[in-house]
There are 2 protein chains.
Amino acid sequence: MPRRRITQTDVAAMAGVSQATVSFVLNGNTPAGVRIGEETRQRVLDAIRITGYTANPVAQRLAGGLTQILGVFTYEATFPRASRDFYGPFLVGIEHAAERLGVDLLLFTSAPAVGGRRQLTRDGWQRLGVADGCLLLGQHEDRGELQHLLDTNYPFVFIGKRGSDGGRLPYVGADYVGATVRQVDRLVGLGHERIGYVGVRGTDQPTLDRVEGYRKALKARGLATVFVESDDVAAAADEIGARSLTAVVVAPENHPEELADELERRGSRVPDAVSVLLLGQPHHPRRGGRRWSGFSVPREEMGVRALHLLSRLAAGDGNGRDRDGRRGAAVPDAELHQLLPCPDVDGATAAAAP
Amino acid sequence: MPRRRITQTDVAAMAGVSQATVSFVLNGNTPAGVRIGEETRQRVLDAIRITGYTANPVAQRLAGGLTQILGVFTYEATFPRASRDFYGPFLVGIEHAAERLGVDLLLFTSAPAVGGRRQLTRDGWQRLGVADGCLLLGQHEDRGELQHLLDTNYPFVFIGKRGSDGGRLPYVGADYVGATVRQVDRLVGLGHERIGYVGVRGTDQPTLDRVEGYRKALKARGLATVFVESDDVAAAADEIGARSLTAVVVAPENHPEELADELERRGSRVPDAVSVLLLGQPHHPRRGGRRWSGFSVPREEMGVRALHLLSRLAAGDGNGRDRDGRRGAAVPDAELHQLLPCPDVDGATAAAAP
DNA sequence: ACCCGCTAATAATGCGCATTATCGAATTGA
DNA sequence: TCAATTCGATAATGCGCATTATTAGCGGGT
């Protein structure tokens, strides 16, 4: 038999004051012209102590505006092993930021997964309303959804750069272009002149950016681009030899570990004969695997920044006042799109040209 | 300009009906004597579609409904590497169950972590109210908190057996006692007679249960118990030799991998000279590490069961009706405490007595 | 004409709290 | 002495929804 919760009214009765008085005492506030005598204040505090009263958060939110909940939507199940390796670092950052912001995280697990991919269906949308705003992780190209997001003016932030509708979608991404340029420059600095790009050409943003960076850097140096596009590692290794490349850059999803193995099997030591720079972290770090040179994507930091941005966007929402009664100020456009630098990693797979 | 949320009243205005009507249409209910004509119903549904209305869950909750949100509280940060290995499997199960139940998960990241441990402070409690119920992971012995949980009659379920206040706290745990008994029996079946228990004596429930199982099994067989309690692995290995044990059981937190290494360094091959059974999964599975014999804790399954249990408890809460307008039936006491069996694992660390 | 029964909907209320407007009494100023 | 000010607190309202009580309209039966 559900015992009724103690309410402010109960406390008020016990202290012989009105509910409003209790509310004032609790919040410490005495907005404009309201004053509570010290003696009364103590009576109320005593009553609170005795009854063990705790405020009903739901009512608080309803009266106040924001829920102090931020949503996280992932397009795949979040926790299974494979996803965990990928989402993990982002979530670390997100969780950390959430803690500092004093915000709870809502995972939209109710969205039905169709063929392993979550759908943001109409029903899914409904649920978003709980949170003051929502973070979106993963690739998704459903135009309808994006449009709906913009239309409803619901605060959200993508993790990962958005190219197509760029101007309108707030995101926190990584600067793949710049980082890739730097990798090529490193190689040139080491004396390399025949530098290839290994990997299947995808249309996902990171790949586009890596290719762009590669192109840009080589052009600036007046060198020729060489794309090794075979999705078969052995064939790729062959091609590298045939084209007498002395260095390649390769994205993590293109099996760099196996590629290096194949190269060495053909007598091309890494990095002595061929330098290999990795454009991002290894996807499945092997114990005893190579120490890759290249750059790393600051996933954790991205999580942090994304949640902070979202928090600011959300603060301007609802009837929302923040904790201190201030409305959130508008977020400057410049902050709506953040590209974080990817730090270089010095490993053991880059060396001077032979 | 803060986007005001669309409310039922807005929808009602657009459809030319009353707020109440919208509510009825939404819930499908037509409680006792209220009827909505088909044509009106359509108008309302259209208005909902056009406005993109989504119910404010906070208001729903305040009015007595359920939010279809279940909370997850972990006593440590959830995602950092170390925790992830531990919490991961539970979360996989929880997420899976959430998806099937059509429920969202709320992570209480707002609870301030003090010294790496989350506190469920007064402020933390407030937040719980948003969720229909809450799952609790990790050890916590704060009596005050537990009492508060019970007092407020808030639905919750522990993951991991609760011994002390057992009768009153709903939990889903693993049958460490039974599983440990089986391990000893396996060893006895292999001809072992001097079987030790390696590990520091903690007061945490799993340890208590493992010790109990160990005691019980040896007693039933009429064999003597030998506790190797040194928290130094080398010392433990020495002691195993000195006591001429032919087999030991060891909990994962007691560095089994290092222990085995130490044993072999002393010339005692595992399992030829000494069998070692692991009472649970390795905490930090090493690549190329041993294939342990012993048992495994069904963490994923525990997550699933816990969320299902919680869901049922929560359904009986508030003024709560579930989606179909039925009240949750009372949950039988027998289901309030679930102990799942831990399947045996056949690895390469157990052999016949020398 | 009148009451009955039925349909289709609305008005009104409360959930627990924050907040605004309001009020009575005590004190001050001239 | 009477208006003005300050102090101390309360009444009232709204947040968005679920739910209960109530009303309005209308055809049929006697």
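In the text below, chain A, chain B and the rest are named by the order of the sequence lines, each starting its count at 1.
Distance CD1 (A/Ile36) to P (D/dT6): 18 Å, rounded to an integer number of Å. Residue A/Arg41 contributes atom CZ, which lies 13 Å from atom P of D/dG8 at whole-angstrom precision. In this structure, B/Arg35 places its CZ atom 16 Å from C1' of C/dT10, rounding to the nearest Å. Summarising the geometry, the separation between CD on A/Gln8 and C1' on D/dA9 is reported as 15 Å, rounded to the nearest angstrom. We find that CD of B/Glu38 is positioned 10 Å from P of C/dA9, with the value rounded to whole Å. Protein atom CD of B/Glu39 is 11 Å distant from nucleotide atom C1' of C/dA8, rounded to whole Å.
One finds a side-chain N or O of B/Gln60 lying less than 4.0 angstrom from the OP1 or OP2 phosphate oxygen of D/dA18. Applying the 4.0 Å criterion to OP1 and OP2 of C/dT10, one finds that B/Thr21 has a side-chain N or O inside that range.
In this structure, A/Arg49 pairs ionically with A/Asp46, as a charged nitrogen and a carboxylate oxygen lie closer than 4.0 Å.
Nearest heavy atoms, B/Tyr171 versus B/Gly160: CB-O, 3.5 Å. Taking all atoms of both residues into account, the shortest heavy-atom contact from B/Gln19 to B/Ala12 is N-CB, 3.6 Å.
In this structure, B/Arg43 places its CZ atom where more than 12 heavy-atom neighbours from other residues, nucleotides or ligands lie under 6.0 Å away.
Under the 4.5 Å side-chain criterion, counting only non-hydrogen atoms from C-beta, B/Arg312 is in contact with B/Pro332.
Across all strands, A/Val17 comes closer than 4.0 Å only to sugar-phosphate atoms, never to a base (heavy-atom distances).
Distance check, rounded to the nearest 0.5 Å: CZ of A/Phe73 to CG of A/Leu135 gives 12.0 Å.
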Mind listing the N/O atom pairs, protein and nucleotides 11-15 of chain C, below 3.5 Å?
unit_1	atom_1	unit_2	atom_2	d
C/dC15	O2	B/Leu62	O	3.4

